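Written out below as structure tokens is the structure these notes cover.
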Number of protein chains: 2
Amino acid sequence: MPVTIRQVSEAAGVSVATVSRALNDSDHPVNAETKQRILDIAEKLGYHPNHIARSLRADRSPIIGIICDDITSPFTTMIVRGIQDRLKADGYFCVVINTDWDPIDEQRAIKDMAGYLIEGIIFAETFHQFASDELNVNDKKCVFVHRLFPKGFPHSVIPDELYGGRLAVNHLIQLGHRRIGYINGSEDYYSSEERLLGYKTILKENGIAFDPALVEYGHFEVEQGYVAANKLLELPEPPTAIFAANDLMALGTIYAAQDKGLHLSDDLAIVGYDNQRIATISRPTLTTVTLPCFEMGQASAELLLALLNNEATDSQEIKIKGELLIRESCGAKTKDTVSAPKKPSRADRFNLLNAQNDTKG
Amino acid sequence: MPVTIRQVSEAAGVSVATVSRALNDSDHPVNAETKQRILDIAEKLGYHPNHIARSLRADRSPIIGIICDDITSPFTTMIVRGIQDRLKADGYFCVVINTDWDPIDEQRAIKDMAGYLIEGIIFAETFHQFASDELNVNDKKCVFVHRLFPKGFPHSVIPDELYGGRLAVNHLIQLGHRRIGYINGSEDYYSSEERLLGYKTILKENGIAFDPALVEYGHFEVEQGYVAANKLLELPEPPTAIFAANDLMALGTIYAAQDKGLHLSDDLAIVGYDNQRIATISRPTLTTVTLPCFEMGQASAELLLALLNNEATDSQEIKIKGELLIRESCGAKTKDTVSAPKKPSRADRFNLLNAQNDTKG
DNA sequence: TTCAGTACGGTAAACGTTTACCGTAAAATA
DNA sequence: TATTTTACGGTAAACGTTTACCGTACTGAA
């Protein structure tokens with residue numbers, strides 16, 4: 001049987017109200033000695049608060065709901081970690097629900113959360129894209145990570161895709177490349193549009209004409225990167241560098257280059273996107289632009305907390321910038337090599353956050 | 001303002017008790033017509049139950065707590081998905097807490113969960129290993145996935161490591177190999193002990209003498225696999241096949257073989273473990289033993305539900321068997337190739353569960 | 001006709017908190 | 001001294017449910 005406030009009050013010889021005040025640093029004054037005595041007794045008895053009762057009385061619970069489409073995605077989990085990291089200090093709890101892309105599950109999750117008096121929900125999505133359908137969130141306060149609503153739905157946190165595209169291509173230009181291929185993501189993705197725009201603008205700023213023949217599309221898979229890279233490399237005037245919209249297609253590009261007998265990165269420089277695990281273990285290791293999921297998670301939590309405190313009411317669209325991590329595939333100088341043993345680290349084994357030994361550009 | 005049971009009762013002209021009975025299919029009889037009318041009104045008014053109030057009254061909440069050390073690990077998330085998959089049917093909610101390996105956070109999570117009247121907790125851990133310290137779970141019902149307690153702590157669900165080791169090595173033996181190297185995980189891991197035992201027993205059963213020189217150790221990183229593979233390949237009598245305790249070290253083995261100019265898989269056959277994403281995109285793709293995390297998650301949820309219903313009281317240690325997925329690296333016939341485009345699938349992009357086009361052995 | 005059983009509905013308590021309201025005594029102010 | 005303020009504590013209501021208990025009316029059996 002868990003210890004209740006009543007048992008503490010009996011042990012201390014005071015009323016439950018006094019105990020409650022003592023435990024919650026209430027504005028209502030409590031004698032200092034009495035308060036200390038109550039705290040000691042509560043400690044000794046092993047009291048901890050019943051959040052359920054507390055929430056019922058307060059008509060709100062200190063829980064933040066997180067709804068994600070695919071919890072097995074490394075992007076999503078990193079967002080979740082960022083959220084929890086930010087929320088930890090404020091004593092919030094997180095409920096994570098995985099919908100597996102099912103809109104019915106999503107609606108059910110929203111309804112269930114309402115039943116738990118959850119006031120705020122963060123939607124953590126795997127891909128950055130437009131939302132086609134209206135979402136019924138029952139006036140709940142929401143922040144969307146990676147989802148953009150056509151009608152300007154209030155609050156979203158997204159990566160700065162345009163900046164990322166510029167970052168990648170600018171690096172290749174700085175390395176002397178003038179003919180740079182781009183393997184974009186699928187055309188119906190917001191990220192694809194934006195990164196392509198970044199690609200175009202940075203070319204223009206450097207006086208390089210845009211050549212549509214240098215742009216191919218793929219659906220983020222290794223195989224499609226392989227096919228696209230082959231097309232680019234078989235052009236009459238092939239590129240000397242290829243920027244791929246994610247690390248998997250960049251890996252496909254590596255394979256295509258290998259099959260053509262090209263030397264990486266003398267004959268072909270490659271830059272990927274996302275900084276997934278593969279980027280640190282491929283041969284060559286991949287220079288890549290990070291998808292700042294952890295920071296996006298933090299920002300979304302920050303924003304939601306502001307919403308809950310009624311501090312931010314205007315519609316917000318926060319863009320988080322990634323950074324360029326320089327590794328072997330672009331030919332720039334780097335400290336990273338794949339054959340040297342690293343110091344083993346238990347916790348870092350799958351940690352995408354602190355990619356060590358990377359040169360930042 | 002959310003609709004309460006009282007408003008439904010007023011709209012229907014009955015007492016709240018009757019509404020409650022109608023909504024919950026109570027044993028206490030309710031007139032069929034009345035019941036239907038109540039349900040219709042509840043539907044029309046948009047009523048959904050306040051789980052907080054319900055839990056307070058029932059002194060238990062339909063929430064399962066999941067505590068994991070590292071939510072960014074693909075293993076952990078797959079376990080979580082398995083849990084949620086099993087629990088969905090029973091109307092349970094999941095709270096997922098990430099501790100980042102911090103015992104203090106873990107204790108706090110347990111305490112918080114008690115405050116939410118959570119009756120059962122599943123611990124989903126990334127690695128399979130012994131737990132050194134006692135855990136204070138306050139008599140809560142717990143199931144441990146991937147954690148084994150020295151004193152025979154009640155309930156755990158773990159992969160059948162011995163079986164997995166046998167599976168991998170047996171496959172290599174069937175392919176005609178007699179001299180098989182093994183790059184084991186770190187010595188202090190339960191999984192390492194068990195898989196080594198599997199390696200030894202299957203060798204013995206096939207009349208192959210165990211040679212300690214053929215066993216190296218690494219801490220699950222690519223680089224350590226590379227170093228270990230080099231040692232094995234530089235033996236006076238090098239192995240013709242290598243079994244690595246995870247896919248990352250198997251990748252290191254691939255790199256080592258490449259650096260020595262060996263042809264894969266004619267000169268050297270390789271089998272990995274875990275069936276991580278890398279196993280499907282490496283060159284060659286990796287034959288590997290799956291870590292059945294999804295199934296482990298399901299099993300742990302099943303077990304916990306039984307505990308909550310007081311159906312299973314005896315200490316249980318459930319072992320889940322993985323399976324062998326045959327790809328290119330072992331030289332066996334396979335349908336899988338890395339250059340052929342697959343049909344794009346949005347949801348499957350990061351789905352480790354249904355590795356398609358694999359031959360099962 | 002009487003009595004037991006059943007179907008159905010209502011009343012009110014209870015779950016563990018927080019907090020508005022009230023009371024008392026001491027301290028501060030006039 | 002008289003009055004106001006402050007410090008501190010207690011009482012009880014309220015949050016939305018569920019359910020034990022009670023009451024009434026009807027049905028069926030004796």
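If you're wondering where the values come from, they're calculated on a predicted model, not measured in any experiment. Hydrogens, waters and symmetry mates are skipped; everything else that's a heavy atom, side chains included, is used.
- In this structure, the CG atom of A/N31 is 17 Å from the P atom of C/dA25, given to the nearest Å.
- By the salt bridge (Lys or Arg N to Asp or Glu O under 4.0 Å) test, A/K319 is found to be paired with no residue, residues two or more places apart in sequence or in another chain being considered.
- Here A/D27 pairs with nothing under the side chain to side chain donor-acceptor pair (under 3.5 Å) rule; sequence neighbours left out.
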Subject >> Summary of protein contacts for nucleotides 15-22 of chain D, nucleotide by nucleotide, where a base hit scores B, a sugar-phosphate-only hit scores S (4.0 Å, heavy atoms) >> reply: BBBBBBB-
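- The interatomic distance linking A/D27 (CG) with D/dA7 (P) rounds to 12 Å, in whole Å.
- Note: A/F123 and A/F144 have parallel aromatic rings, judged against thresholds of 30 and 60 degrees for the angle between ring planes.
- With salt bridges taken as basic N to acidic carboxylate O contacts below 4.0 Å, none links A/E43 and A/R37.
- Salt-bridge formation is detected for the pair B/K88/A/D105: a Lys NZ or Arg NE/NH1/NH2 atom is positioned less than 4.0 Å from an Asp or Glu carboxylate oxygen.
- B/T34 comes within 4.0 angstrom of the backbone, heavy atoms only, and of no base.
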